[in-house]
Amino acid sequence: MSDLKRGLSEAVAAAFAAAGLPAELGRVTPSDRPDLADFQCNGALPASKAAKRNPREIAEEVVSHLAGDSRLASVEIAGPGFINLRVSDAALSERAGEIAADPRLGAQPVDEPRRVLIDYGGPNVAKPMHVGHLRSSIIGESLKRIYRFRGDTVVGDAHFGDWGYQMGLLIGAVMDEDAEIRAMMEDLNAKSDITPQDEAATFAVLDGKITLADLDRLYPLAAARGKTEPDYRDRARKLTAELQGRKPGYFLLWRHFAKVTKVALERDFHALGVDFDLWKGESDVDELIEPMVADLEAKGLLVDDQGARIVHVAGPNETKKKKLPDGTVVVVPSPDPLLVVSSEGSAMYGTTDLATILDRKNTFDPHHVLYAVDQRQADHFEIVFRAAYLAGYAERGSLEHVGFGTMNGTDGKPFKTREGGVLKLNDMIVMTRDKARERLHEADLGSELDPDAFEDTANKVAVAALKFADLQNFRGTSYVFDLDRFSSFEGKTGPYLLYQAVRVKSVLRKAAEAGAQAGPIIVSEPAERDLVLLLDAFDQALIDAYDKKAPNFIAEHAYKLAQAFSKFYAACPILSAEPAVKASRLTLAQTTLRQLEQALDLLGIAAPERM
RNA sequence: GCGCCCAUAGCUCAACCGGAUAGAGCAUCCGCCUUCUAAGCGGACGGUUGCAGGUUCGAGUCCUGCUGGGCGCGCCA
């Protein structure tokens with residue numbers, strides 16, 4: 001069972017072949033001119049170039065081989081040689097019936113399922129998530145759902161940033177501020193063995209003293225001092241090294257940092273409907289780094305450079321010009337090498353990324369790894385991926401950076417609060433939820449709901465507003481995030497989609513109350529035709545989203561489907577129609593709702609029952 | 001300095017290996033609630049796709065140059 005586009009493509013491809021032309025020219029696409037056709041094939045134009053024949057002549061010959069296809073109500077040649085196909089109502093009715101009966105709503109699974117790992121979210125210890133984490137989270141979550149729906153085995157990994165220099169900074173800052181903790185650390189660090197009692201006692205003290213808010217307050221100050229004060233920086237580096245050497249006190253303190261952070265992170269992720277299969281942190285690959293460095297060395301990839309150890313990733317002819325501080329210009333390899341071991345002997349950002357690739361190969365052995373990370377890190381990933389391929393830690397081409405643009409404020413610059421600070425993700429969620437409640441009240445929706453149900457609806461409206469505003473844009477482009485605009489809840493928005501879904505549910509409830517039975521879909525009205533054509537287009541939207549790692553194709557499909565339903569709803573009464581028509585329209589409404597909710601689910605959006 | 005990305009309607013964004021008349025939403029204007037939720041539906045208005053060349057039967061899409069904007073460029077992550 002395939003969609004009309006695919007089915008017709010096969011027929012037209014056969015017609016091209018029968019005319020002695022390449023079958024791949026028979027590709028059929030939805031028509032650009034709905035007034036003229038449902039589908040079109042442009043293959044006669046490129047064919048005319050190769051065959052040096054008049055395109056209309058070719059089109060006529062191809063069309064002659066299509067005669068007798070019962071799916072086609074009309075086949076016409078237009079313009080320079082477009083083949084316009086109009087599908088019969090009977091064929092649309094049949095296809096609608098297939099979709100209605102299909103648990104997958106007309107979408108085909110991939111031919112060969114693969115193991116895919118998606119790295120997204122990227123939260124850090126001690127730092128509450130801010131708006132910058134929003135895109136990674138919701139794009140990654142959507143991709144995970146899209147890939148899984150198409151049949152791949154998918155693992156989503158939050159890739160917790162928990163193991164770098166910032167940990168040393170924090171350990172130092174916390175001890176500076178609290179003498180009791182400092183004393184406790186000194187005491188614990190001196191011990192050779194930490195008992196469960198030590199652990200419990202330590203955490204009991206830390207739980208009462210250090211919250212995420214404390215860490216969030218201390219970290220920026222410590223980071224700033226680390227930049228300007230060499231002594232402060234050196235101590236933080238030493239503390240980092242001691243933590244990584246598992247010094248008992250610091251290790252417990254670090255576990256506390258991770259714990260309080262994770263609680264807050266999970267609250268934010270949960271509010272957004274984002275969840276992970278894995279919460280692997282950078283710390284989890286720490287023990288892999290030493291053997292990995294040895295392996296890189298053994299493979300002859302590691303070279304000394306200015307006291308550090310690097311891997312060259314550029315090919316022989318890949319160079320760029322570089323201006324040195326003294327003004328001279330030299331030719332250097334491009335891309336830059338990967339810095340594996342710093343001159344002070346510690347692992348760097350790229351080192352843990354490389355070790356993570358190795359870890360994933362050893363555990364999950366993915367065919368494909370997607371990194372849903374800001375586009376600005378493109379160069380970094382290019383370098384890490386090349387190093388991984390060189391070292392044999394991943395199949396060439398299996399690692400892919402799915403980059404996205406920044407979310408900007410209305411001034412076109414990266415989103416900031418009115419005070420100029422970075423907006424915390426949780427604050428944004430709360431703001432959006434407040435706005436959703438306000439709008440529901442204004443529109444007098446949900447007034448009959450009990451408080452819990454109302455709150456649930458408000459939350460769903462908020463999540464839909466936030467996610468759809470993001471996912472309707474192609475991920476690569478930066479977009480302007482304007483709370484007032486997306487919270488106006490009119491037009492092409494998440495709440496519009498929920499509203500349409502709720503309207504269908506409402507009709508279906510009324511139909512059930514009246515005892516109306518659903519029956520076979522019989523397409524006749526234009527609005528019904530358009531709706532079925534859209535239901536049929538679901539698979540293509542899914543394929544596009546999958547191939548391009550771009551959820552906006554699903555968002556676009558969901559919007560068009562909701563719009564087509566709304567037109568159908570306005571033009572075709574359901575409950576008051578005569579029995580056979582009512583039965584048909586009920587099935588059509590049910591099927592639309594199922595596909596709409598499926599599409600929304602792929603975006604990570606859930607619709608309430610009522611609003 | 002080198003490199004990457006972007007430029008489409010007043011605003012925010014789309015656009016299927018290069019194809020017909022470049023599409024939505026917002027804003028503005030005009031219609032439609034005694035009938036299934038009007039957060040809706042119908043219609044109007046709105047474009048030299050930054051500029052200049054090139055390739056092509058055909059370019060928003062590919063190539064070159066330019067202008068304007070964003071970002072990145074080993075010892076943070």
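Proteins get letters first, then strands, A, B, ... in listed order; numbering begins at 1 in each.
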Of all the nucleotides listed ([options]), which has the minimum atom distance to the side chain of [X]?
X	options	result
Y349(A)	A77(B), C76(B), C41(B)	A77(B)
K567(A)	G40(B), C41(B), A77(B)	C41(B)
Y479(A)	A77(B), C13(B), G74(B)	C13(B)
N552(A)	A15(B), G74(B), C76(B)	A15(B)
R376(A)	A77(B), C16(B), G72(B)	G72(B)
N124(A)	A14(B), A20(B), A77(B)	A77(B)
V480(A)	U37(B), C76(B), U12(B)	U12(B)
L575(A)	G19(B), C16(B), C36(B)	C36(B)
E490(A)	A24(B), G40(B), A77(B)	G40(B)
E556(A)	A14(B), U37(B), C36(B)	A14(B)

Using a 4.0 Å heavy-atom cut-off across all strands, classify [X] as base, sugar-phosphate, or nothing.
X	answer
E442(A)	nothing
P46(A)	base
Q166(A)	sugar-phosphate
S478(A)	sugar-phosphate
D444(A)	nothing
C572(A)	base
Y559(A)	sugar-phosphate

With [atom1] as the reference atom in both, quote the distance from [N] to [M] in angstrom, rounded to an integer.
N	M	atom1	value
A27(B)	G69(B)	C1'	25 Å
U28(B)	C66(B)	C1'	37 Å
C41(B)	C51(B)	C1'	42 Å
U49(B)	C2(B)	C1'	30 Å
G18(B)	G31(B)	P	46 Å
G25(B)	A14(B)	P	16 Å
A44(B)	U37(B)	C1'	27 Å
U64(B)	A22(B)	P	27 Å

Residue whose closest nucleotide on RNA chain B lies nearer the 5' end, A570(A) versus K548(A)
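Counting from the 5' end, the first nearest nucleotide belongs to K548(A).
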Contact nearer the 5' end of RNA chain B, comparing K5(A) with G164(A):
K5(A)
Under 6.0 Å between ring centres: does that hold for [X] and [Y]?
X	Y	value
Y479(A)	F404(A)	no
H133(A)	Y120(A)	no
Y499(A)	Y496(A)	no

Donor-acceptor pair (no angle test) under 3.5 Å: N84(A) side chain, A20(B) base:
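Donor-acceptor pair under 3.5 Å: yes.
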Donor-acceptor pair (no angle test) under 3.5 Å: D32(A) side chain, C16(B) base
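In this structure, the two groups form a donor-acceptor pair.
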CZ/R610(A): more than 12 non-hydrogen atoms of other groups inside 6.0 Å
no
Take atom CD in E57(A); do more than 12 heavy atoms of anything else shown fall under 6.0 Å from it?
yes
Start with the C-alpha gap between V461(A) and L498(A), add the side-chain angles, then the distance that decides, and say whether side-chain contact (heavy atoms from CB on, under 4.5 Å) holds.
CA-CA 7 Å; V461(A) 168; L498(A) 299 192; 4.1 Å; yes
Distance below 4.0 Å between [X] side-chain N/O and [N] OP1 or OP2:
X	N	value
K510(A)	U37(B)	yes
S566(A)	C41(B)	yes
S506(A)	U37(B)	yes
Q563(A)	G25(B)	yes
T477(A)	A14(B)	yes
Y496(A)	C41(B)	yes
R237(A)	C76(B)	yes
K492(A)	U12(B)	no
R309(A)	G74(B)	no

What form does the base of G74(B) take, syn (within 90° of 0) or anti?
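It is syn.
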Glycosidic class, syn or anti, of C33(B) using a 90° window around 0
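Syn conformation for C33(B).
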Is the shortest distance from a Lys or Arg side-chain nitrogen in R309(A) or D304(A) to a carboxylate oxygen in the other one below 4.0 Å?
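Salt bridge between R309(A) and D304(A), a charged N being under 4.0 Å from a carboxylate O: yes.
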Base-paired stems that RNA chain B participates in, counting runs of 3 or more Watson-Crick or G-U pairs under 3.5 Å:
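Listed by first number, the stems are B:1-7 with B:67-73, B:10-13 with B:23-26, B:28-32 with B:40-44, B:50-54 with B:62-66.
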Tell me the interatomic distance from L542(A), atom CG, to C16(B), atom P, rounded to whole angstroms.
18 Å
How about [X] and [Y]: does a side-chain donor come under 3.5 Å of a side-chain acceptor?
X	Y	value
S566(A)	R503(A)	yes
Q375(A)	R475(A)	no
Y559(A)	Q500(A)	no

Under the 5.5 Å and 30° test, is F82(A) stacked on the base of A20(B)?
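Taking the rule of under 5.5 Å and under 30°, the ring of F82(A) does stack on A20(B).
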In terms of the angle between their ring planes, are Y349(A) and H380(A) parallel, tilted or perpendicular, with boundaries placed at 30° and 60°?
parallel
